[in-house]
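Notes to accompany the following structure.
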Amino acid sequence: MAGSGERAVRTRARLAALLADASTAALRSAGGRVAGVYLRADGPSDAPDFLRLAALAGLPGPLFRPWWRVHVDRPFPVCDAYRLGLPVVLPNATEAVRRYPQFAAGLPFPFASVHMPVPGGGGPLGVLAVLRPSAGDDGDEPLDRELLARLAEGLGTELLALADGDRGAIVWDGEPQCVRPPATRPPQAAVGRFTWDPGTHAVRADDRLHTLLGLAAGDFAGTDTALAEALAPAEAYRVLAALRETAAGKPPGAPLSLRAADGASRLLDLWPAADGGALPSPADGGGVARVGGVVFDPGRAALADGAADQLPQGVFCLDRLGTIVYANAAAARFAGRAREALLGRTLWDALPWLTGPPYDDHLRGALLSPEPVHFHVRRPGGPDGAHGGYDGFAVSVYPGDDLLTCTLVPASRMEAPGGPRPPGPAVAAGPSMAAAYRPIALAIALTDAVTAQQVSAVVMQELLPAFGGRRLAIYLLQERHLHLAWESGFPPGFLEPFDGVALDARIPAVETLATGRPLFFESMRQLAETYPGLPLDAEEGSRAFLPLIASGRPVGSCVLGFDGPRGFGAEERTVLTALAGLIAHAMERARRYDSEAALARGLQQALLPSRLSAHPGVETAGRYLPGTEGLDVGGDWYDVVESGDGLALVIGDVQGHGVQAAATMGQLRSAVRAFALGDRPPDEVLSGTNHLLIGLDPGQFASCCCLRLDPATGLTRIARAGHPPPLLLAPGGRARPLDIPGGVVLGVDPGARYPVTELILEPDAILALYTDGLVERAGADIDDGIADLRRALDRAGAAAGRRDGLTLSGVADRLTAAARHADARPDDVALLLARRLRHG
């Protein structure tokens, strides 16, 4: 909320409370798991439009960080709701993938969502969003839209009242406040213990077990069959089989996820009882051990009654903001920390090795969908005594209304000595649901890839490992032929005969694009039988051929190769098909980028000076480096112009990148040359150029620094329009930034004035003009970058002063060396140096 002083502080606090109440109200009324409010981001009036997440209830803030700030033009439902002023309802994952593939890629879990604009007179003030468990593909809308609309309308009324009717003051400029939703039900007994004697089939249980099973003490017969039927009537055989396997020394590798008689979720963990000894059992033909077990409710917090401390696996609970509210003794031991050091701290702080990609995706899945997730994690650093000798765990996360219950099973428990790996969801063969969805979550990285090479690299680095693939080929369509754009993992030269193949060829890469249907071959034999005579790159393996189609336009084909035979389940095929659409859109965007970049590079090269105007009394040198991130051609320029008896030196930076920036740069350079050739003083050059830019109205502004140098006397007159200050290196001295009062950038204020500063440039002194791309670094202050450039100029000037062969051109090379060899340049760089000669 805009404002200042004590009133602003009170208003911000009232705004935060209002948003928190709205988020929790939406959760309660809509049965949601996550709710939040987006407001317009604070910023200059001419800044791009962004929405900021102001409040988030039901999900830890770090898990939602990629969506804290979104541009209103992004293809996201919250942006459409704000921009169009209409609710966006996504009842299930299928609808989300169809309408918003990028949104679905970032949150690839089965959930529903409603995004309701918050009305405010002249247009939406923000968006109230609710995420909740998904309806079926043919199900109804996830909640009553009218109810959420009333909540949004009430929020809008209160926001306007809080801002005294000033819509422009309703903004959010910080991180979202994370709200802990109210508990939906009181804690109940969470853990029930029992023992089972395989010789007599008798089960001895405590009273808590009866509570968890929803049974009175007299209703429980006290046998293994009664226990199995009370836990999971539909799959009692699983419980009985697990009891027998555990008695034989092969306990499950992770707790079994079951249902109680009333349908409630329960977890069952079993282990050979330490005090059991061996009991004869003729039915089993050998000695068996007594079995200990526990049943617990993953949705309850009341684990601290001491019973859970006897569990062999680690158990800890997170609230919906990611705070650890319970940890048993085993969890603390596996974490290598005291229990007190875990409780009350966030997962990101207490167990950082369980966070970050890809683990954050699994946690999001458990928070947004009702199904448990299972994955493996390796703690960095390897096993050591301080951590109980464990470095790998099978992790299971069980969602509840108020809590996530997480279990840690050490790698050593996942395989019994001399026996096969035990069954269990955490170690089951094949991809789990989360693993099948993982590629779509990783595909969000495609939004940052702007060239075909970058898109292909993302697919290779992110998608291929998620599916266990080893080979990748991407073909792009051009003039009715498929041309190979990327390959990895195939034998050298194998794909050359398929490069440039026509669309009438009968090969799978062509037919998948022609029909628009993906092709899956679970073995190389199946591929050979379908396409007789087709050359194969391996005898064993499997292949997937995906059509790349963007908005109905064919783009190309993607080939995924796997070393061994494998099946492609229905869910996996759906995910790969959706992912192919994302790749196609990214490739289509890359084509547009390549075309625009080529045009912009041509413009830039044509508009920059091929040579600088010369004067016998002045030596000059210029350098230009394009950016390497995004559209790599910007609007930086420099020029040296004959002006009367001297020279005019100018350097400028047009906002933005691409064709428009390059074209505007060309217009400004022409205007500056025209004014300078007329021997205008620097302030008049800038004023005239400013009026020209405003008259052209390109929607852009530019910074500029202009000076006129008289080589005979050294008199230099400098004016500056929002540009970094020049550096001056005096002979035998140290470089320093010049204190040049400046005006606003060009193209903003038609009445702007640009004061002139005069100085005498001594012979052999070096004057350095530069753009901000040379001194700006991510996360660093620009003053630090200017200080680094000043020190570099000191060193280069000293080398030139020793007359060791370093010319002014060599000084320019040294000053741009770091930028030239950087892995990435987010902005383009321009540098112009001038040195007054002693004998001119």
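Below, each value reflects all heavy atoms present in this structure, side chains not excepted, and no hydrogens, waters or symmetry copies. Starting from 1, each residue takes its place in the sequence as its number.
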[X] vs [Y] side-chain heavy atoms within contact, under 4.5 Å:
{"X": "Pro372", "Y": "Pro399", "result": "yes"}
{"X": "Glu522", "Y": "Pro565", "result": "no"}
{"X": "Leu27", "Y": "Arg132", "result": "no"}
{"X": "Leu53", "Y": "Trp67", "result": "no"}
{"X": "Leu347", "Y": "Pro62", "result": "no"}

Self-check item: side chain to side chain donor-acceptor pair (under 3.5 Å) partners of Arg204, counting only residues at least two apart
Solution: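 Per chain and number, Arg204 pairs via side chain to side chain donor-acceptor pair (under 3.5 Å) with no residue.
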May I ask you to decide if [Y]'s main-chain N or O and [X]'s side chain share a donor-acceptor pair within less than 3.5 Å?
{"X": "Trp68", "Y": "Gly61", "result": "yes"}
{"X": "Arg290", "Y": "Thr195", "result": "no"}
{"X": "Ser542", "Y": "Gly564", "result": "yes"}
{"X": "Asn328", "Y": "Gln313", "result": "yes"}
{"X": "Arg543", "Y": "Phe562", "result": "yes"}
{"X": "Arg320", "Y": "Ala57", "result": "no"}

Hey, what do you get for [atom1] ([X]) to [atom2] ([Y]), rounding to the nearest 0.5 Å?
{"X": "Leu560", "Y": "Leu472", "atom1": "CG", "atom2": "CG", "result": "6.5 Å"}
{"X": "Asp224", "Y": "His201", "atom1": "CG", "atom2": "NE2", "result": "6.0 Å"}
{"X": "Leu131", "Y": "Leu59", "atom1": "CG", "atom2": "CG", "result": "8.5 Å"}
{"X": "Leu342", "Y": "Phe316", "atom1": "CG", "atom2": "CZ", "result": "9.0 Å"}
{"X": "Phe568", "Y": "Leu576", "atom1": "CZ", "atom2": "CG", "result": "7.5 Å"}
{"X": "Glu540", "Y": "Ser523", "atom1": "CD", "atom2": "OG", "result": "8.0 Å"}

Exercise. For side-chain contact (heavy atoms from CB on, under 4.5 Å), just list the numbers for Phe111 and Arg33, CA-CA rounded to whole Å, side-chain angles, deciding distance to a tenth of an Å, and then say yes or no.
Key: CA-CA 9 Å; Phe111 68 93; Arg33 292 185 177 273; over 6 Å; no
What's the shortest heavy-atom distance between [X] and [Y], and which atoms?
{"X": "Cys317", "Y": "Thr405", "answer": "SG-OG1, 3.6 Å"}
{"X": "Ala22", "Y": "Leu128", "answer": "O-CD1, 4.3 Å"}
{"X": "Leu243", "Y": "Trp196", "answer": "O-CZ3, 3.4 Å"}
{"X": "Ala35", "Y": "Ser23", "answer": "CB-O, 3.4 Å"}
{"X": "Asp563", "Y": "Arg471", "answer": "OD1-NH1, 2.9 Å"}
{"X": "Tyr359", "Y": "His376", "answer": "CE2-O, 3.5 Å"}

Quiz item: Where do Leu318 and Thr323 land on the side-chain contact (heavy atoms from CB on, under 4.5 Å) test, with the steps shown first?
Solution: CA-CA 5 Å; Leu318 305 172; Thr323 302; over 6 Å; no
Quiz item: So does Arg345 have more than 12 non-hydrogen atoms from other groups sitting under 6.0 Å from CZ?
Solution: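 More than 12 within 6.0 Å, yes.
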Quiz item: Stepwise, does the side-chain contact (heavy atoms from CB on, under 4.5 Å) test hold for Val239 with Tyr237?
Solution: CA-CA 5 Å; Val239 179; Tyr237 70 92; over 6 Å; no
Quiz item: Can you name the one residue among Val325, Val373, Val397, Asp319 that meets side-chain contact (heavy atoms from CB on, under 4.5 Å) with Leu404?
Solution: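 Among Val325, Val373, Val397, Asp319, the one that satisfies the side-chain contact (heavy atoms from CB on, under 4.5 Å) with Leu404 is Val397.
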Practice problem: Would you sort out whether Trp348 and Asp360 count as a side-chain contact (heavy atoms from CB on, under 4.5 Å), showing the intermediate values? | Solution: CA-CA 10 Å; Trp348 290 264; Asp360 283 357; 3.7 Å; yes
Exercise. Anything under 30° is parallel, anything over 60° is perpendicular, the rest tilted; go ahead and classify Phe334 against Phe393.
Key: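 Plane angle between 30° and 60°, so tilted.
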